[in-house]
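Following: one structure in structure tokens, then a few remarks.
Just so it is clear: chains get the letters A, B, ... in the order the sequence lines come, proteins before strands, and each one is counted from 1.
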There are 2 protein chains.
Amino acid sequence: MKRPKRPTIRDVAEKAGVSIATVSKYVNGQQSFSQGVEERLRDAINELAYSQNSLARAMVTGRTTAIGLAVMDLANPHYSNVVKGANRVALANGYNLFVVDMEESLAAVRPLLEALVPRTDGLIVSARIPKDVTDWLAELDKPVAFLGQPERDDVLTVGTDSVHVAALLAQYLVRQGFKRFGYVGYSRAPSNSDRLQGLKQVLEPAGVELLIFDVDEPTNEAGERAAARVLLHPDRPDVIIGWNDLVAIGMMNEARSLGFRIPDDVAFAGIDNIPVSRYVTPPLTTVDVCSQATGEVVMKKIIALIEGKPQPTGLVLEPALITRESTQRRST
Amino acid sequence: MKRPKRPTIRDVAEKAGVSIATVSKYVNGQQSFSQGVEERLRDAINELAYSQNSLARAMVTGRTTAIGLAVMDLANPHYSNVVKGANRVALANGYNLFVVDMEESLAAVRPLLEALVPRTDGLIVSARIPKDVTDWLAELDKPVAFLGQPERDDVLTVGTDSVHVAALLAQYLVRQGFKRFGYVGYSRAPSNSDRLQGLKQVLEPAGVELLIFDVDEPTNEAGERAAARVLLHPDRPDVIIGWNDLVAIGMMNEARSLGFRIPDDVAFAGIDNIPVSRYVTPPLTTVDVCSQATGEVVMKKIIALIEGKPQPTGLVLEPALITRESTQRRST
DNA sequence: TTCATGGAGGTAAACGCTTTCCTATTGCCG
DNA sequence: CGGCAATAGGAAAGCGTTTACCTCCATGAA
């Protein structure tokens, strides 16, 4: 269909009657040229629609001007926002951002990253990948940053403190007068135990019950499936905290189908503050984990690292409690 | 910080005491080896933690086993789903998918794509990019596919028919008895006029009014901003169609804040059937545009193209009307 | 007129790999 | 034990660039 091979620097040189070195210098704006040469070069490039082969360039310079960002699930708005933030900063600094979706398939993650590494100057990887892969990445010859909770203290990690996030939410809910807490976690995430710790830290001293449930994926659908299990529990919670907003929203929806009034029969809260949490009914109480800022910060840091400026390895962002109607009882 | 240069095939060859050709053959499993060599190779590779430099490989083979997908806005769940579909198919076929977010910044799109082209075996680009870029892409030496409405008939394009999508929705709404239609479009998208055409095609014969408004970006926020303009119009519509679900949801939310009852005072419908449209209150009537299937289909086709199997250039998916409560009046 | 100066433009090596084409060794059969 | 095919392993070219280094010519100062 499209036979014509891409033109190379050699084609341009030939057409313009100069050496390839000259073309290279012209394309990269490295020196000035006599009027004749400059003109011929410009014409040749336009006629051939030449553009640099970034692969070949990267091979010799060792720089790709690209950064890779590997996330667990692009369909999760939390990650979409991280990507947004990262992308803006990358573009503003002249880097391209290549995003790859690991699809929660932890097994296949290594080859995927191996393919990504040589194509980029630095990598941002969402945590929650196998330890051996983490270690391999950390030993790499190029900067790597992680999203989430630090697993090693010698590598750049950006995120909020899960313990703190959970505690923040629990404190507020206790103050609201809730007595029986349900937590629907995602045990495959390492930070699940941190969140539990944060909850217990607040709930135990307050003498409040905590029932723990689990979902097998952090999605709306999993939340819907989990809802009945939680709501029909003999000791039904009066407030349910979802692993994230997606799970909480799924549960809340199902709860309504089952005839529960929210928040009066049962209240819900999530974590992440994804955009839609404002739009569901009732609007969802949640904790803002600075998704977009995370992307921005991690990108700034990794660019600094790429450019040889050493950076502190850990960076924790301050979460913010977002209270909405899903936890505000009229009686209170 | 991380001084050690990545090991190359040469390091492995040296350590194992063989030639680099042998290492290459081993790594790519191209021939059998004597026991001694095989063992030394395996050990050397493990000890050095060697992995191929995919850039160098791509240079010589001319194949990257990667596909690029450039979308307008990754934060739009419609695109997230396209990506999901595409990613699954890519992975299943041994390709990596690199996603880039063009951020609606049409000006900077050309350099971005120029960087992407040499790094991939094929490109999928969401339509709505400048004509000259489209043409440049179409002339490329590698397969390109577009998402959306075909702008040229010699290049693979996958999507739903915008005229049809709009008509489908309009038909249903007319049948529901709505009399004054509002349409809040996104005029910067070429398909906006197709949608208008689809609406008019149905509404004019039915003798139904159509008021047209515009948003400057297809987001929740833009919907919220537009809502007042539409709702306070002297000739207020009894049903409002948003450019997409995001806009519709934003408007609906604002409408409720303004005290309108939905759908009794004013009904809303969107387009795309993004996941959250089920979870808002009331659930949003919309048209499913097969986001995920679009991704799957376009990826299958482009892989076929890469592997030399010619494909039909156009492929239109059948949209499906999704009726929900946001347009179901109790009175009806 | 001469000679240093500087800048335009060229030559060739190198980046890390694959692949074609050889060579040399092995195993097998008669 | 001789001869042949089969096959393990190596040498070298080449993918499209950049870049260090070199040459050459024009310019200007003495």
Residue set satisfying salt bridge (charged side-chain N to carboxylate O under 4.0 Å, His left out) with A:E47, at least two apart, ordered chain then number -> A:K15
When rounded to the nearest 0.5 Å, the distance separating CG of A:N96 from CD of B:E114 is 11.0 Å
DNA chain D: first to last nucleotide in contact with chain B (atom under 4.0 angstrom from a heavy atom), 5' to 3', is D:dA8 to D:dG16
Does B:I129 form a side chain to side chain contact (heavy atoms under 4.5 Å, CB included) with B:M102? I'd like the steps, not just the answer. CA-CA 10 Å; B:I129 60 175; B:M102 303 189 280; 4.0 Å; yes
* Okay, side chain of B:T160, backbone of B:V316: is any donor-acceptor separation there less than 3.5 Å? -> no
Sorted by number, residues from residues 108-123 of chain B placing a heavy atom under 4.0 Å from DNA chain C are none
(Q) Assess, by modelled atom type and distance only, whether the side chains of B:R6 and B:S51 contain a donor and an acceptor separated by less than 3.5 Å. (A) yes
Main-chain N/O of B:V133 paired to B:R110 side chain as donor or acceptor, under 3.5 Å: no
Quick note, ring-ring contact (aromatic ring centres under 6.0 Å, His included) partners involving residues 30-73 of chain A, not counting sequence neighbours, are A:Y26-A:F33
Is there any protein nitrogen or oxygen under 3.5 Å from a nitrogen or oxygen in nucleotides 5-8 of chain C, and what are the pairs?
{"unit_1": "C:dA8", "atom_1": "OP1", "unit_2": "A:S32", "atom_2": "OG", "d": "2.0"}
{"unit_1": "C:dA8", "atom_1": "OP2", "unit_2": "A:S32", "atom_2": "OG", "d": "3.1"}
{"unit_1": "C:dA8", "atom_1": "O5'", "unit_2": "A:S32", "atom_2": "O", "d": "3.3"}

Across all chains, not counting sequence neighbours, the side chain to side chain contact (heavy atoms under 4.5 Å, CB included) partners of A:S54 are B:P118, B:R119
Per-helix bend value, the helix from C:dT1-D:dA30 to C:dG30-D:dC1, C1' rotation axes over five pairs per end, 10° rounding, shows 40°
dist B:T22:OG1 -> B:Q30:CD (nearest 0.5 Å) comes out at 11.5 Å
- Query: Is the backbone of A:T8 close enough, under 3.5 Å, to the side chain of A:D11 for a donor and an acceptor to pair up by distance?
  - Reply: yes
For A:R10, the salt bridge (charged side-chain N to carboxylate O under 4.0 Å, His left out) test, sequence neighbours excluded, returns none
*asked:* Can a side-chain donor-acceptor contact be found between A:T294 and A:S291 if the only test is distance below 3.5 angstrom?
replied: no
CG (B:L91) and CG (B:N93) are apart, to the nearest 0.5 Å, by 9.5 Å
When rounded to the nearest 0.5 Å, the distance separating CG of B:D73 from OG1 of B:T219 is 8.5 Å
Here the residues of residues 40-61 of chain A within 4.0 Å heavy-atom distance, strictly under, of DNA chain C are A:M59, A:V60
N/O to N/O distances under 3.5 Å, protein versus nucleotides 22-26 of chain C:
none

Nearest heavy-atom contact between B:G68 and B:L116 is CA-CD2, 4.2 Å
When you check the side-chain N and O atoms of B:S191 and B:Q149, is any donor under 3.5 Å from an acceptor? no
Contact check, residues 6-24 of chain B vs DNA chain C, heavy-atom distance under 4.0 Å, returns B:T8, B:I9, B:I20, B:A21, B:S24
Is it true that A:R88 and B:E103 have a side-chain N and a carboxylate O under 4.0 angstrom from each other? yes
Contacts of A:E307 meeting salt bridge (charged side-chain N to carboxylate O under 4.0 Å, His left out) (sequence neighbours excluded), chain-then-number -> A:K309
